[in-house]
Amino acid sequence: MRAITVDDEDAHRNLTVADVPENPLAAGRVRVAVAAAGVNRADLLQRAGHYPPPPGASEILGLEVSGVVQDVGPGVTDWSPGDAVCALLDGGGYAERVDVPAAQLLPVPAGIDLVDAAALPEAACTAWSNLVDVARLQPGETLLVHGGSGGVGSFAIQLGVALGARVATTAGGPERVARCRDLGAAVGIDHRTQDAVAAVRAATDGRGADVVLDVVGAAALGDNVRVLATGGRLVVIGMQKGRRGELDLGALLTKRASVAGTTLRARPLDEKAAIVAAVRAHVWPHVEAGRIRPVVHARVPLAEAARAHTMLESGEAFGKVLLTT
Ligand SMILES: NC(=O)c1ccc[n+]([C@@H]2O[C@H](COP(=O)([O-])OP(=O)(O)OC[C@H]3O[C@@H](n4cnc5c(N)ncnc54)[C@H](OP(=O)(O)O)[C@@H]3O)[C@@H](O)[C@H]2O)c1
């Protein structure tokens, strides 16, 4: 089958289309004919050699796809050839076909285009597991989403609103902030020109945010603790601006606050399966009711994967970039 491979010999680690062999379909797995693959920042890191796939995962880039079930392995009873699906992957999405553990498949939500569905699994599973399982976001609470303009952030804004939270968000530049407001954010903050702590305090009568979902990392740690309300929960999921920061334990103790960090890809199969099942049960109804929609910046042919990576690197993308087969 055709797949995108990384040229390790090349200084730019060029992406090229190659014919790669397929393994026999293993028990408990489903073979999906890929319609589209979502592009994630992790793909850029893996391409650069900084994010090796977990043991046993495909070396091919790609953490999420949509498509049609082509075949099911022994023991799979929940899915049949012809089903329209999307899937959370451990790797292997930048290809014509991918084999997925059956428990990491989701049906394409009613009313969602098959290609656009590739924008959903990684963002939905990341947003749900962190906002609900980790941070225990409650209706009426204030949620600060950093990077509301990103693939995860554009979903997290909508999920926060659907869960009854009041959402504040940061994005780079007034146009991107305005688009975040269109997604439901009550408070939009331009991180290039505004102080997020002051803006959130002003919008909450000085209380601060009950939950912060952070994609920035070390550079934002101090402000993220400062902006927390009493009892607040900070969940760090990205380290775009550094991995080591100074934590003000005094502030944390005084606020009875907590700081957590998670990654989705490294979780074992049973945890991913539980998250996927919860997303299907609790998030898909919001998508099918139109309260949450995939935010797709561009569809790019699979063979032009390098161009799709440039869209993410340059910061021009709002929402998700998809590769179509
Ligand atoms: N831990 C996990 O399980 C997990 C899962 C998925 C993703 N992630 C990580 O989460 C991060 C976001 O993923 P993504 O798919 O949403 O990436 P993305 O689509 O490329 O978006 C990146 C976002 O970061 C924002 N950003 C950059 N610098 C910022 C700053 N100083 N202050 C506030 N926002 C800033 C960007 O905002 P502007 O462009 O508007 O400036 C943009 O919204 C990445 O680091 C990714 O690796 C982690």
Side-chain angles (χ1 to χ4, degrees), residues 37-48 50-51 54 61-64 88-90 118-131 133-135 144-159 168-181 183 185 188-197 199-200 212-224 227 234-243 245 260-267 271-272 275 279 294-298 308-322:
V39 178
N40 286 281
R41 232 152 235 278
D43 306 344
L44 276 55
L45 291 175
Q46 184 176 330
R47 174 184 175 186
H50 303 314
Y51 192 45
L61 303 178
L63 298 177
E64 59 188 337
L88 182 71
L89 308 177
D90 307 327
L120 294 173
E122 178 77 17
C125 292
T126 301
W128 174 268
S129 58
N130 287 291
L131 295 184
D133 295 341
V134 179
L144 171 61
V145 174
H146 280 305
S149 46
V152 174
S154 57
F155 194 97
I157 291 172
Q158 299 179 83
L159 180 60
T169 194
T170 59
E175 190 256 346
R176 294 166 78 79
V177 169
R179 292 182 69 181
C180 290
R181 283 180 173 278
L183 292 174
I189 304 157
D190 182 350
H191 67 74
R192 295 184 190 154
T193 57
Q194 284 181 275
D195 174 353
V197 179
V200 171
V212 178
L213 184 68
D214 178 50
V215 296
V216 180
L221 181 60
D223 278 354
N224 281 338
V227 81
L234 162 63
V235 189
V236 182
I237 61 162
M239 298 180 291
Q240 293 178 90
K241 300 278 158 61
R243 58 181 293 168
T262 70
T263 63
L264 186 57
R265 193 184 196 185
R267 286 178 184 260
E271 288 186 26
K272 284 184 184 156
I275 292 168
V279 163
V295 180
V296 177
H297 176 73
H309 280 199
T310 305
M311 284 179 177
L312 248 73
E313 277 161 346
S314 67
E316 73 173 85
F318 186 100
K320 302 283 299 194
V321 176
L322 304 180

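We number each residue from 1, following the sequence as shown. These figures come from a predicted structure and were not determined experimentally. No hydrogens, no waters, no symmetry mates; every other heavy atom, side chains included, goes into these values. Atoms within each ligand, like the ligands themselves, are counted from 1 in listed order.
Atoms of ligand 1 lying under 4.0 Å from at least one heavy atom of V215, given by number and element, are 10 (O), 11 (C), 12 (C), 24 (O). Taking every non-hydrogen atom of K241 and a distance limit under 4.0 Å, the qualifying atoms of ligand 1 come out as 28 (N), 31 (N). Listed by atom number, the atoms of ligand 1 under 4.0 Å from A171 heavy atoms are 40 (O). Shown in contact with G238 at under 4.0 Å from a heavy atom are these atoms of ligand 1, numbered in order with element: 45 (O). Atoms of ligand 1 lying under 4.0 Å from any heavy atom of E122, numbered from 1 in the order shown and given with element: 5 (C), 6 (C). Every atom of ligand 1 is numbered from 1 in the order shown, and the set under 4.0 Å from a heavy atom of I237 is 1 (N), 2 (C), 4 (C), 8 (N), 9 (C), 10 (O), 48 (C). Atoms of ligand 1 found under 4.0 Å from any heavy atom of G147, numbered from 1 in the order shown, are 25 (C), 34 (N), 43 (O). Here is the list of ligand 1 atoms found below 4.0 Å of a heavy atom in L264: 2 (C), 3 (O).
On a distance-only criterion, G151 and ligand 1 share at least one N/O pair closer than 3.5 Å. Note: no N/O pair closer than 3.5 Å links H146 and ligand 1 by distance alone. At least one N or O atom of G172, backbone or side chain, sits closer than 3.5 Å to an N or O atom of ligand 1. Residue V152 has at least one nitrogen or oxygen atom sitting less than 3.5 Å from a nitrogen or oxygen atom of ligand 1, judged on distance alone. Taking only nitrogen or oxygen atoms, main chain and side chain alike, G148 does not reach within less than 3.5 Å of ligand 1. Polar contact with ligand 1: present for T262 (N/O pair, distance under 3.5 Å). Backbone and side-chain nitrogen or oxygen atoms of R176 are examined, and one is located within less than 3.5 angstrom of a nitrogen or oxygen of ligand 1. The shortest N or O to N or O distance between A42 and ligand 1 is not under 3.5 Å. Taking any N or O of M239, backbone or side chain, none lies under 3.5 Å from an N or O belonging to ligand 1. Considering backbone and side-chain N/O of T126, none are found under 3.5 Å from N/O of ligand 1.
In summary, of the residues considered (L88, N130, I237), a side chain to side chain contact (heavy atoms under 4.5 Å, CB included) with L264 occurs for L88 alone.
Inter-residue side-chain proximity for V177 and Q194 is flagged as unmet; no heavy-atom pair is nearer than 4.5 Å. Put simply, the side chain of H297 reaches to within 4.5 Å of the side chain of M311, judged on heavy atoms. Side-chain atoms of V235 and D214, non-hydrogen and from C-beta on, never get closer than 4.5 Å to each other. In this structure, V145 and F155 have side chains that are not in contact, with every pair of non-hydrogen atoms separated by 4.5 Å or more.
Between atom OG1 of residue T169 and atom CZ of residue R176 there is a gap of 11.0 Å, rounded to the nearest 0.5 Å. Remark: E175 CD to S149 OG distance equals 10.0 Å, nearest 0.5 Å.
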**Prompt:** Checking salt bridge (charged side-chain N to carboxylate O under 4.0 Å, His left out) for the pair E64/K320: CA distance, chi angles, key distance, verdict?
**Reply:** CA-CA 11 Å; E64 59 188 337; K320 302 283 299 194; 2.5 Å; yes

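What sits closest to atom 42 (C) of ligand 1 on the protein, heavy atoms only, is S149 OG, 3.7 Å. With respect to atom 35 (C) of ligand 1, the closest heavy atom belonging to the protein is H191 NE2, 3.7 Å. From the protein, the heavy atom lying nearest to atom 24 (O) of ligand 1 is Q240 NE2, 3.0 Å. Looking from atom 21 (O) of ligand 1 to the surrounding protein, the closest heavy atom is G150 CA, 3.3 Å. Of all protein heavy atoms, the one lying nearest to atom 44 (C) of ligand 1 is R41 CD, 3.8 Å.
Remark: D190 engages no residue in a salt bridge (Lys or Arg N to Asp or Glu O under 4.0 Å) (not counting sequence neighbours). Under the rule for a side chain to side chain contact (heavy atoms under 4.5 Å, CB included), the partners of H309 that lie at least two apart in sequence or sit in another chain are L15, V39, D43, L44, R47, L61, Y94.
Considering all non-hydrogen atoms of both residues, A168 and V200 come closest at CB-CG2, 4.3 Å. The shortest heavy-atom contact between C180 and G148 is SG-C, 3.4 Å.
One finds no salt bridge joining R265 and E122 here, because no Lys/Arg side-chain nitrogen approaches an Asp/Glu carboxylate oxygen to under 4.0 Å.
Remark: the R41 side chain and the Q46 side chain contain no N/O donor-acceptor pair separated by less than 3.5 Å.
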